[in-house]
Protein chains: 2
Amino acid sequence: MSREPNENRRPLTLRDVSEASGVSEMTVSRVLRNRGDVSVATRERVLEAAKRLGYVPNKIAGALASQRVNLVGVIIPSLGNLVFPEVLGGISDGLEGSGLQPVVGVTDYSPEKEETVLYEMLSWRPSGVILAGLEHSDAARAMLSNSGIPIVEIMDVDGEGVDSVVGISHRRAGRQMADAIVGSGYKHIGFLGSKMPEDHRARKRLEGFREGLAVAGLDIEDQEFYAGGSALAKGREMTQAILERSPQLDFLYYSNDMIGAGGMLWCLENGKRVPEEIGLAGFNGLPLLDGFSCRLATMDACRREIGLKAAEIISGMPHEGVIGGERIVLEPKLEWGDTIRKR
Amino acid sequence: MSREPNENRRPLTLRDVSEASGVSEMTVSRVLRNRGDVSVATRERVLEAAKRLGYVPNKIAGALASQRVNLVGVIIPSLGNLVFPEVLGGISDGLEGSGLQPVVGVTDYSPEKEETVLYEMLSWRPSGVILAGLEHSDAARAMLSNSGIPIVEIMDVDGEGVDSVVGISHRRAGRQMADAIVGSGYKHIGFLGSKMPEDHRARKRLEGFREGLAVAGLDIEDQEFYAGGSALAKGREMTQAILERSPQLDFLYYSNDMIGAGGMLWCLENGKRVPEEIGLAGFNGLPLLDGFSCRLATMDACRREIGLKAAEIISGMPHEGVIGGERIVLEPKLEWGDTIRKR
DNA sequence: TTGTCTTATGTTAGCGTTAACAGGATTAAG
DNA sequence: CTTAATCCTGTTAACGCTAACATAAGACAA
């Protein structure tokens with residue numbers, strides 16, 4: 001293939017292709033977008049020229065002219081927690097074939113950063129925004145409702161959304177786990193979680209959990225929180241700490257699978273009989289857990305499916321005349337594993 | 001605060017703010033960008049109006065007019081492998097304060113997809129591109145060199161780069177591990193990795209590893225590959241399989257820490273004496289490993305630092321007159337852990 | 001006073017593309 | 001042969017913003 005790269009470094013435009021192929025810019029534009037009727041001969045000439053020059057269309061100009069942007073903003077708290085890449089995977093799949101592309105922003109669980117990231121995203125005039133959680137700053141909420149584009153808040157349904165909402169009820173998930181634990185006869189329960197006031201989903205899970213315990217006249221007898229570091233290692237340390245302080249505990253509820261797995265490792269290595277002497281449970285249904293010989297009880301958070309549904313709402317929107325306001329509540333499934341005794 | 005949201009759904013423009021504050025669009029533009037001299041009184045009036053209306057600037061128009069885009073394309077193979085989010089973290093930090101924003105694209109280790117993602121990104125005319133690896137399709141390489149923007153290829157330095165390169169030598173990393181193993185007196189070595197012809201870094205590591213073994217007259221005696229599924233679980237299964245087939249093995253080299261950890265769990269649970277009877281090593285230095293009571297030998301891949309340096313090259317570029325062609329070779333550090341015997 | 005410099009604002013002309021409309025050429029229908 | 005329909009291509013005017021230049025008013029020195 002004979003290349004003729006752009007040596008002089010002047011960025012190529014439609015005009016260059018148009019001159020190289022002897023047709024108008026408009027015709028080149030039509031060929032490159034497969035829009036409108038163009039004769040086969042012309043099309044081939046144009047494509048050949050574009051390829052030879054190495055022309056890459058300028059979407060900035062295209063978006064401005066057409067008032068359409070094929071981007072969907074996705075705002076999540078973190079990438080380090082495997083949960084979010086999985087949601088992203090679902091979104092990618094759901095957007096497949098729609099011509100839309102996800103663009104990711106990360107907030108580090110900070111409302112201020114969320115606001116900044118959102119502002120930045122909206123300034124690119126995306127076709128929609130998907131963001132985690134229902135809790136946002138007033139300014140962020142205002143931007144969202146003023147934006148005039150479909151908004152999907154994901155992962156949580158305990159509260160009011162701006163537009164559409166897809167997720168699970170974390171309150172109910174906590175409640176369900178409590179019911180299971182109480183039903184299995186555990187009486188002295190400890191909680192281990194992360195020290196994140198801004199992780200509203202973890203908070204709601206804990207609230208639901210305590211409600212469930214309260215029904216049986218129980219409550220959490222001790223708790224332990226961490227911040228930063230390797231979650232697996234923290235789970236181990238916290239488990240040792242809480243059991244030394246409160247040896248009467250017969251069940252430990254972890255706010256996520258990673259610290260849960262760390263705790264499980266510690267218990268097994270320290271001769272605790274699981275699940276007879278002590279029961280354990282986490283949250284999320286991470287595939288990581290498949291790798292341990294003892295399977296931690298957990299609850300699947302429907303991560304992939306949430307992403308999928310959210311993406312479908314965004315990409316399906318234009319058809320149905322921008323109605324919006326959908327609300328999809330998914331049901332997490334309790335996975336008993338080997339760390340809760342059955343009876 | 002009295003809001004006056006955009007009820008009629010017509011997208012707001014600079015003109016709206018200019019009318020609301022009684023100055024020209026240009027002055028509004030200057031205020032919102034903090035550029036040029038504007039009197040304090042005017043500035044406040046404009047800011048008030050912009051805030052009241054809920055105006056969000058249109059970067060599409062801005063970018064087209066100014067020929068500047070504050071985006072940096074980042075192309076990586078996957079988000080599911082914790083390695084890449086860590087690199088991303090480094091990039092974010094390195095871009096901090098430069099006004100540049102990373103935009104992530106994922107290739108799933110497919111050269112075709114890499115080409116598509118790259119094309120898509122370049123069509124937004126970013127200020128730079130950071131991408132993993134040195135191996136690209138001809139078309140991709142052509143796009144990169146034609147783009148006229150700084151390009152940084154990261155994570156690997158074994159080969160020719162298009163422009164700048166930041167990473168480690170995986171060949172050398174494999175070689176170093178081989179030297180350590182041979183030096184510790186292991187003689188019968190097995191390799192466990194992923195079935196990914198497109199993971200060139202893993203391939204180079206293996207090549208370097210075999211070179212190192214060859215020096216001592218050794219070679220890999222058996223190997224096992226996997227694809228898909230939970231890496232921890234796969235590591236476990238493969239370890240069992242390879243040791244049943246080749247019980248003479250006294251060392252297992254894993255292509256990543258996740259399967260290495262799975263293998264380590266299997267060995268410990270099945271009464272293998274580690275590291276006397278059998279030695280183990282992985283690659284990456286994942287913080288996950290801190291959570292196990294037995295620490296897997298591994299090699300830190302300098303993930304964060306790679307991201308940081310790459311970002312600095314991109315953001316430092318404009319100053320030094322777009323020279324480019326930098327080449328930064330980082331040195332991975334062998335972490336002995338508890339799974340290689342010392343002597 | 002005059003002229004020069006500074007500060008604060010406005011005016012004009014694009015940036016590279018696409019929507020909308022306008023034709024000429026060709027074909028089909030009556 | 002006329003009329004309409006279809007196909008192919010071109011022209012014009014935005015899209016919303018900013019670079020560059022223009023201008024007016026005030027500050028200050030000579």
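Throughout, a chain's letter reflects where its sequence line sits, starting with A, and its residues are numbered from 1.
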*Asks:* Does D:dA19 have its OP1 or OP2 closer than 4.0 Å to a side-chain nitrogen or oxygen of B:Arg68?
*Replies:* yes
*Asks:* What integer distance in Å separates A:Leu14:CG from D:dG10:C1'?
*Replies:* 14 Å
*Asks:* Reckon A:Ser39 has a side-chain N or O less than 4.0 Å from the OP1 or OP2 of D:dT9?
*Replies:* yes
*Asks:* Between A:Glu114, A:Glu115, A:Glu112, which is the residue that forms a side-chain hydrogen bond (donor to acceptor under 3.5 Å, both in side chains) with A:Ser137?
*Replies:* A:Glu115
*Asks:* Given B:Arg201 and B:Asp156, is the salt bridge (Lys or Arg N to Asp or Glu O under 4.0 Å) satisfied, shown in steps?
*Replies:* CA-CA 7 Å; B:Arg201 291 178 290 286; B:Asp156 185 6; 5.5 Å; no
*Asks:* Name the residue closer to the 5' end of DNA chain C, choosing between B:Ala65 and B:Val23 according to the nucleotide with the nearest heavy atom.
*Replies:* B:Val23
*Asks:* OP1 or OP2 of C:dT9 less than 4.0 angstrom from a side-chain nitrogen or oxygen of B:Arg30, does that happen here?
*Replies:* no
*Asks:* Are OP1 or OP2 of D:dC17 and a side-chain N or O of B:Gln67 less than 4.0 angstrom apart?
*Replies:* no
*Asks:* So what does A:Asp37 touch, heavy atoms closer than 4.0 Å: a base, only the sugar-phosphate, or nothing?
*Replies:* base
*Asks:* Determine: side-chain N/O of B:Arg35 to OP1/OP2 of C:dA8, distance under 4.0 Å, yes or no.
*Replies:* no
*Asks:* Measure the distance from CG on B:Asn58 to P on D:dC17 and round it to the nearest whole Å.
*Replies:* 5 Å
*Asks:* Should B:Arg15 be listed as having a side-chain N or O under 4.0 Å from OP1 or OP2 of D:dG16?
*Replies:* no
*Asks:* Would you say D:dT9 has OP1 or OP2 under 4.0 Å from some side-chain N or O of A:Thr42?
*Replies:* yes
*Asks:* Output the rounded distance in Å from CD1 (A:Ile60) to P (D:dG16).
*Replies:* 16 Å
*Asks:* Can you check whether A:Arg10 has a side-chain N or O nearer than 4.0 Å to OP1 or OP2 of C:dG16?
*Replies:* no
*Asks:* For B:Ser24 and C:dG10, is the shortest distance between a side-chain N/O and OP1 or OP2 below 4.0 Å?
*Replies:* yes
*Asks:* In whole Å, what is the span from the CZ atom of A:Arg43 to the C1' atom of D:dT9?
*Replies:* 13 Å
*Asks:* Does a donor on one side chain sit under 3.5 Å from an acceptor on the other, for B:Ser29 and B:Arg33?
*Replies:* yes
*Asks:* Rounded to the nearest Å, what distance is computed from the CZ atom of residue B:Arg125 to the C1' atom of nucleotide C:dC15?
*Replies:* 12 Å
*Asks:* Can you tell me how far P of C:dG23 sits from CE of A:Met26, to the nearest Å?
*Replies:* 17 Å
*Asks:* Would you kindly give the CG-to-P distance between B:Leu12 and D:dG16, to the nearest whole Å?
*Replies:* 11 Å
*Asks:* Hey, is the side chain of A:Thr27 poking within less than 4.0 Å of OP1 or OP2 on D:dG10, counting only N and O atoms?
*Replies:* yes
*Asks:* Could you please spell out the steps behind the salt bridge (Lys or Arg N to Asp or Glu O under 4.0 Å) verdict for B:Lys309 and B:Glu326?
*Replies:* CA-CA 10 Å; B:Lys309 294 285 180 203; B:Glu326 253 184 283; over 6 Å; no
*Asks:* A:Arg45 CZ to D:dC8 C1': how many Å, rounded?
*Replies:* 12 Å
*Asks:* If only side-chain N and O atoms count, and only distance matters, is there a donor-acceptor pair under 3.5 Å linking B:Thr42 with B:Ser39?
*Replies:* yes
